[in-house]
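Note that the coordinates shown come from a computational prediction; the quantities given were computed from them, not determined experimentally.
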Amino acid sequence: MPITPATATHTSSNGTADAILLELVDENGVTIGTAEKLAAHQPPGQLHRAFSVFLFDERGRLLLQQRALGKYHSPGVWSNTCCGHPYPGEAPFAAAARRTFEELGVSPSLLAEAGTVRYNHPDPESGLVEQEYNHLFVGLVQSPLRPDAEEVGDTAFVTPAELAERHAKDTFSSWFMTVLDAARPAVRELTGPSAGW
C-alpha cells in the first residue's frame with residue numbers, strides 16, 4: 001500500500017495520531033476552514049469538499065468499487081470508481097488522481113472535470129452524514145487493476161442495464177445515485193450514445 005498522509009502513521013508529541021483534516025466550504029465551494037474527518041461526518045455534518053471519480057473501459061462500462069468491510073464509513077457497499085476528500089489546499093483533480101491510484105493501483109489514462117454537486121445524505125447504518133460539496137470527474141481506465149484490500153472489497157465493470165440489476169439487489173452508498181446523475185452529461189460525452197448512459 002502506498003504511504004500517504006492518509007495511510008501513514010503520524011504521532012504527535014503527546015503520543016496520539018495526527019488527525020486527518022478536511023476542507024470546510026460554504027455553499028459556493030469557497031474554503032472557510034478545516035475540520036477533523038470523523039467530526040465533519042458526525043450529525044448534522046459539516047459541509048466539506050469531496051470528489052467522486054467515474055472511470056470507464058473501452059466498451060463504455062463503468063468501474064464500480066465495493067468498499068472494504070474494514071472502512072468506518074459505509075463498509076461493504078458498492079459505489080462509484082473512487083471517492084474521497086482532498087487534503088486542505090490540495091486541488092480536487094490531484095486528489096482524485098492520487099486516491100484512484102492508492103485504492104485501485106491504476107492511473108486513469110484520461111481524467112476530466114465533470115462539474116460539482118452539493119448534497120446532504122445521512123447514512124442509516126453508521127449514523128454518519130455526508131454533507132458534501134463534491135467535485136466530479138470522468139475518465140478512462142486501460143490498465144489492469146491492483147486494488148488495495150484495505151480500501152476495496154471487490155470491483156466490477158457494468159453496463160447501464162447491469163448497473164440497474166445490481167442496484168436493485170445490492171446495497172449502494174447513499175451518495176451514489178446523486179453523484180452519478182450529476183455526472184451523466186459528462187459521462188455521455190465521454191462514452192458516446194451507444195454506451196447507453
Side-chain angles (χ1 to χ4, degrees), residues 2-54 65-104 111 113-138 148 150-153 171-184 186:
I3 302 299
T4 70
T7 58
T9 302
H10 297 288
T11 305
S12 64
S13 57
N14 65 5
T16 60
D18 288 344
I20 296 172
L21 296 179
L22 306 185
E23 211 169 67
L24 299 180
V25 299
D26 66 15
E27 293 293 335
N28 297 311
V30 176
T31 302
I32 57 171
T34 60
E36 190 277 324
K37 184 177 178 181
L38 184 57
H41 288 88
Q42 290 173 335
Q46 295 174 277
L47 184 59
H48 58 274
R49 194 176 310 283
F51 64 82
S52 290
V53 177
F54 296 86
Q65 174 190 139
Q66 184 180 35
R67 294 165 63 85
L69 291 174
K71 293 181 85 75
Y72 77 88
H73 189 351
S74 302
V77 303
W78 287 90
S79 198
N80 48 294
T81 308
C82 180
C83 54
H85 310 93
Y87 298 126
E90 182 182 27
F93 184 93
R98 172 181 57 79
R99 282 304 288 165
T100 299
F101 183 79
E102 290 172 355
E103 293 186 7
L104 295 161
L111 191 64
E113 294 183 15
T116 58
V117 63
R118 192 260 194 255
Y119 53 79
N120 178 359
H121 286 300
D123 176 41
E125 292 295 316
S126 67
L128 300 175
V129 178
E130 287 292 2
Q131 187 81 255
E132 295 187 330
Y133 187 94
N134 198 307
H135 297 256
L136 308 172
F137 298 92
V138 300
D148 178 349
E150 291 185 22
E151 299 285 348
V152 181
T171 304
F172 276 71
S173 64
S174 59
W175 62 86
F176 175 73
M177 287 309 298
T178 300
V179 292
L180 175 59
D181 286 344
R184 277 187 199 273

Side chains of Q46 and L24: closer than 4.5 Å at any heavy-atom pair?
yes
Taking 4.0 angstrom as the limit, do E132 and R118 come out as a salt bridge?
no
Heavy atoms, side chains only, cut-off 4.5 Å: are N134 and Y119 in contact?
yes
Does a side-chain heavy-atom distance below 4.5 Å link D26 with L47?
no
Is there side-chain contact between S52 and F176, with at least one heavy-atom pair below 4.5 Å?
no
Measure across C83 and N80 and return the closest heavy-atom pair with its distance rounded to 0.1 Å.
CB-ND2, 3.9 Å
First locate atom NZ of K71, then atom CD of E151, and finally report the distance between them rounded to the nearest 0.5 Å.
3.5 Å
Using a 4.5 Å cut-off on heavy atoms from C-beta on, say whether the side chain of T171 contacts that of S173.
no
Closest non-hydrogen contact found for R184 with D181 is NE-OD1, 2.9 Å
Can you find a pair of side-chain heavy atoms, one from V152 and one from L104, that are under 4.5 Å apart?
yes
Minimum side-chain heavy-atom gap L136-V179 below 4.5 Å:
yes
How close do P44 and V129 get, counting heavy atoms only, and between which atoms?
O-CG1, 3.5 Å
Please name the pair of heavy atoms, one in P86 and one in A50, separated by the smallest distance, quoted to 0.1 Å.
CD-CA, 4.0 Å
Looking only at non-hydrogen atoms, find the nearest pair between L69 and G76 and report the distance.
CD2-CA, 3.7 Å
Check for a donor-acceptor pair, side chain of R67 on one end and backbone N or O of P75 on the other, with a separation under 3.5 Å.
no
Return yes if a side-chain donor-acceptor contact under 3.5 Å exists between W175 and S79, otherwise no.
yes
Do D148 side-chain atoms and E150 backbone N/O form a donor-acceptor pair below 3.5 Å?
yes
The test is side chain to side chain donor-acceptor pair (under 3.5 Å); show your working for R49 and T31 and say whether it passes.
CA-CA 8 Å; R49 194 176 310 283; T31 302; 3.1 Å; yes
Set out, in order, the CA-CA distance, both residues' side-chain angles and the distance that settles side-chain contact (heavy atoms from CB on, under 4.5 Å) for C82 and F54, then state yes or no.
CA-CA 7 Å; C82 180; F54 296 86; over 6 Å; no
Donor-acceptor pair, side chain of Q66 and main chain of V77, under 3.5 angstrom
no
Before giving the answer on side-chain contact (heavy atoms from CB on, under 4.5 Å), spell out for L128 and Q42 the whole-Å C-alpha distance, their side-chain angles and the decisive distance to 0.1 Å.
CA-CA 5 Å; L128 300 175; Q42 290 173 335; 4.0 Å; yes
Give me the ring orientation class for H85 and H41: parallel if the planes are under 30° apart, tilted from 30 to 60°, perpendicular past 60°.
perpendicular
Can you tell whether the side chains of E90 and R98 come within less than 4.0 Å, N to carboxylate O?
yes
Close aromatic pair by centroid cut-off 6.0 Å: F137 and F51
no
I would like to know whether L21 and Y87 meet side-chain contact (heavy atoms from CB on, under 4.5 Å); could you show each step before the answer?
CA-CA 7 Å; L21 296 179; Y87 298 126; over 6 Å; no
Taking every heavy atom of P122 against every heavy atom of S174, the minimum-distance pair comes out as O-CB, 4.0 Å
Donor-acceptor under 3.5 Å (Q65 side chain, T81 main chain)
yes
Is any side-chain heavy atom of E113 closer than 4.5 Å to a side-chain heavy atom of H135?
no
